[in-house]
Amino acid sequence: MNATTGNDANDVPSGAHGVDWAALAPEDADRIPELLGRLASSDAAVSDLHDIIHFPAPGHRAAPEAVDFLVDIACAGTTPATDRYRPLSLLLELVSAHAEDRFPEARDLDQWRDEVAWATANEADKVREQYREWAREAPDEQHYQRMRNRLAVMEHDDGAALLRAELDTYLAVCARVPDLVELLKNSADRGGMDRAGEWVSYVLGFLPSESERIVSEITGASHVLLAKDLRPTPQQPTSFREALNQARDSGEPLPAELFALGLLADPADIDTGIGLTHQMAGGNLYNSYAASVAMVLIHGENTPREALRRIGRGGGTNMGYEGLFNESWPHCGNRSPQVLGFLALGRAGERARRLRLDILPGLIKGEEDSRALVTGVGLELVLGPRSKEHTTEEHASTDYEEETLKVLWSIAELPASAWQDEEFLATLRAWALPDNAEDYCALMGVETEPEEPAEEPEPAPQAGPAVPERPQGLLGRLFGGGR
């Protein structure tokens with residue numbers, strides 16, 4: 001399919017009116033062609049179309065049909081390089097839905113196909129009950145989240161059709177890999193903020209069944225496989241355009257490309273392994289961190305110790321874990337880059353245990369949308385899986401080690417608002433931990449700090465000479481104002 005967009009940024013892509021959108025997204029069918037026509041130039045159009053076709057919205061059945069239009073808009077010569085990120089960002093949301101159940105281990109495509117075939121061939125009630133049972137018996141948090149998410153989808157009237165549409169969307173994006181990888185090759189798509197090379201790398205990272213082709217294209221799009229002293233000397237530019245392109249594209253891999261290599265490269269790929277080693281020691285903090293994480297994802301429990309050390313060292317910089325993950329990992333749905341990175345590091349098992357426990361307290365305290373998720377993973381790290389049948393007596397009588405206490409005390413230090421989150425409380429109950437702050441802190445031997453009484457407002461001072469207001473927010477942080 002080649003749904004060209006014409007010459008006007010607001011032209012409806014050819015073929016868009018030929019799709020029976022009404023059968024796929026009855027409530028919003030009339031809007032889809034118009035939104036596709038405005039997608040390249042309008043953030044609002046991206047947001048509106050996402051609301052219609054994201055997984056598992058009722059209109060998600062239209063997503064497989066929308067994929068070709070999104071790819072064609074992103075790749076069209078009439079789409080400015082600075083606008084390609086819009087269709088690519090929507091593609092990313094489609095292929096990374098429920099990103100928390102993609103890490104640490106990638107989905108097996110054959111198993112995914114079989115599961116969807118089973119779900120569509122059986123009565124909905126039977127499928128729901130099976131997902132409940134699989135969730136209860138889940139050997140780890142990733143499997144629990146996956147079964148829980150599947151069950152939530154099946155609560156929809158057309159749940160099985162939505163599961164089928166999710167798979168079909170993935171396959172539709174895979175079919176367009178030859179077009180998507182072309183966005184890695186143009187310097188105009190690689191330099192600057194929100195460029196296509198970054199966004200398409202994120203999309204490609206979620207397509208493990210196409211790993212061989214994608215890894216080959218990523219490593220061929222930059223000098224990642226060459227040490228700096230082996231790279232060709234850039235030719236002297238003969239025009240301002242050539243000079244601008246050289247400035248945009250230094251030949252270095254994008255951090256997002258290193259993200260994709262980490263998820264897709266084969267541990268037996270020696271060339272990529274050596275290239276990532278050069279990046280770890282290359283002096284660029286962002287690429288060094290991204291390459292170190294990639295090495296962990298590729299080699300798992302056989303990860304070189306240097307990669308783990310460099311990740312830990314990066315966490316101790318001013319950027320911290322959060323800032324460095326933000327530079328190389330995507331934000332998918334309501335899951336931040338740091339949360340996804342934390343989950344993914346689980347590929348290294350016990351080898352990355354201390355590193356993950358170092359990251360965890362900040363996530364428990366700072367990631368409200370993912371607090372239940374990361375708390376569950378943390379409790380699994382130190383107490384074992386939720387299916388182990390924990391008891392309150394066990395917690396009261398066990399002399400826990402420092403690592404375990406670090407996780408349990410991080411929970412005890414949460415603000416009162418956290419104890420209103422039912423999903424978080426259900427996570428605590430799964431490990432037989434108290435679901436109210438007072439009882440929890442008593443079990444942990446932590447004294448709850450009384451809330452400080454509200455201070456009486458001070459009387460207004462006498463009017464005096466006007467004092468210039470100190471800058472707030474970002475300007476304040478940069479120039480010494482209020483914090």
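Predicted, not measured: the structure shown is a model, and the values here were computed from it.
Under the 3.5 Å distance criterion, the side-chain polar atoms of Arg146 are left unmatched by any main-chain donor or acceptor of His98. Checked by atom type and distance alone, the side chain of Thr272 never pairs as donor or acceptor with a backbone atom of Asp269 at under 3.5 Å. Between the Gln145 side chain and the Asp101 main chain, no donor and acceptor come within less than 3.5 Å of each other. Using modelled atom types, no side-chain atom of Ser42 and backbone atom of Leu39 make a donor-acceptor pair closer than 3.5 Å. Here the side chain of Asp421 pairs no donor or acceptor atom with the backbone of Ala372 at under 3.5 angstrom. Checked by atom type and distance alone, the side chain of Asp358 never pairs as donor or acceptor with a backbone atom of Arg354 at under 3.5 Å. When atom types are taken as modelled, the side chain of Glu301 and the backbone of Gly349 share no donor-acceptor pair closer than 3.5 angstrom. Within the 3.5 Å criterion, the main-chain N or O of Arg86 finds a donor-acceptor partner in the side chain of Ser89.
Judged by the 6.0 Å distance and 45° axis criteria, Arg356 is positioned over the aromatic ring of Phe342. Relative to the ring axis of Tyr144, Arg386 places its NZ or CZ within 45° and under 6.0 Å from the centre.
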Could you give me the CA-CA distance, side-chain angles and deciding distance for Leu184 and Leu204, then say whether side-chain contact (heavy atoms from CB on, under 4.5 Å) is met? CA-CA 11 Å; Leu184 298 170; Leu204 295 172; 4.1 Å; yes
Step-by-step ring pair (Phe, Tyr, Trp, His ring centres under 6.0 Å) determination, Tyr286 to Trp329: CA-CA 11 Å; Tyr286 305 126; Trp329 277 60; over 10 Å; no
side-chain contact (heavy atoms from CB on, under 4.5 Å) between Glu137 and Ser387, worked out: CA-CA 6 Å; Glu137 299 174 352; Ser387 58; 6.0 Å; no
Going through the distances and angles, do Arg213 and Glu210 end up as a salt bridge (Lys or Arg N to Asp or Glu O under 4.0 Å)? CA-CA 6 Å; Arg213 169 70 182 270; Glu210 304 298 311; over 6 Å; no
After noting the C-alpha distance and the side-chain angles of Leu180 and Leu88, does the key distance pass the side-chain contact (heavy atoms from CB on, under 4.5 Å) rule? CA-CA 9 Å; Leu180 291 170; Leu88 292 172; 4.1 Å; yes
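Atom CE in Met280 sits 7.5 Å away from atom OG in Ser288 (nearest 0.5 Å).
At a threshold of 4.0 Å, the pair Asp189-Arg195 does not count as salt-bridged, since none of the basic side-chain nitrogens sits closer than that to a carboxylate oxygen. We find that Asp72 and Arg176 are joined by a salt bridge, their nearest charged nitrogen and carboxylate oxygen being less than 4.0 Å apart. Ion pairing between Arg190 and Glu257 holds under the 4.0 Å rule for side-chain N and carboxylate O. Glu306 has no carboxylate O lying under 4.0 Å from a charged side-chain N of Arg313, or vice versa, which leaves the two without a salt bridge. The pair Glu182-Lys185 meets the salt-bridge criterion, since a charged nitrogen lies less than 4.0 angstrom from a carboxylate oxygen. The residues Arg371 and Glu423 are annotated as not salt-bridged, no charged nitrogen and carboxylate oxygen being separated by less than 4.0 angstrom. Glu166 and Arg107 are joined by a salt bridge, as a carboxylate oxygen and a charged side-chain nitrogen come within less than 4.0 angstrom of each other.
Atom CD of Glu403 has more than 12 heavy atoms from other residues, nucleotides or ligands within 6.0 Å. More than 12 non-hydrogen atoms from other residues, nucleotides or ligands lie less than 6.0 angstrom from CD of Glu155. Counting heavy-atom neighbours within 6.0 Å of Glu422 CD, excluding the residue itself, gives a total above 12.
Tyr289 and Gln279 share no donor-acceptor pair across their side chains, judged by distance under 3.5 Å alone. At a cut-off of 3.5 Å, with distance as the only test, a side-chain donor of Asp140 or His143 sits close to an acceptor on the other residue.
Side chains of Leu261 and Thr219 form a contact here, defined as non-hydrogen atoms less than 4.5 Å apart. Annotation: side chain of Asp114 is not in contact with side chain of Gln111 (no heavy-atom distance under 4.5 Å). The closest side-chain heavy-atom distance from Leu254 to Asn287 is not below 4.5 Å. Within the 4.5 Å cutoff, the side chain of His156 has heavy atoms near those of the Pro56 side chain.
Between Val173 and Leu91 the shortest heavy-atom distance is CG2-CD2, 4.0 Å. Closest non-hydrogen pair, Arg61 versus Pro26, comes out as NH2-CD, 4.1 Å.
In this structure Cys332 satisfies the side-chain contact (heavy atoms from CB on, under 4.5 Å) test together with Leu92, Ser96, Ala99, Phe206, Pro330, Leu340, sequence neighbours excluded. Looking at residues two or more places apart in sequence or on another chain, you find a ring-ring contact (aromatic ring centres under 6.0 Å, His included) between Tyr440 and Trp419.
Ring-plane geometry between His54 and His50 is classed as parallel, the angle between the planes falling under 30 degrees on a 0 to 90 degree scale with a further cut at 60. Ring geometry for Trp21 against Phe69 counts as tilted: the plane angle lies between 30° and 60°, on a 0 to 90° scale.
Each side chain to side chain donor-acceptor pair (under 3.5 Å) pair with one or both residues in residues 330-347, not counting sequence neighbours, appears once here: Glu100-Arg335, Arg335-Ser370, Ser336-Glu367.
Ring pair Tyr170/Trp112: centre-to-centre distance below 6.0 Å.
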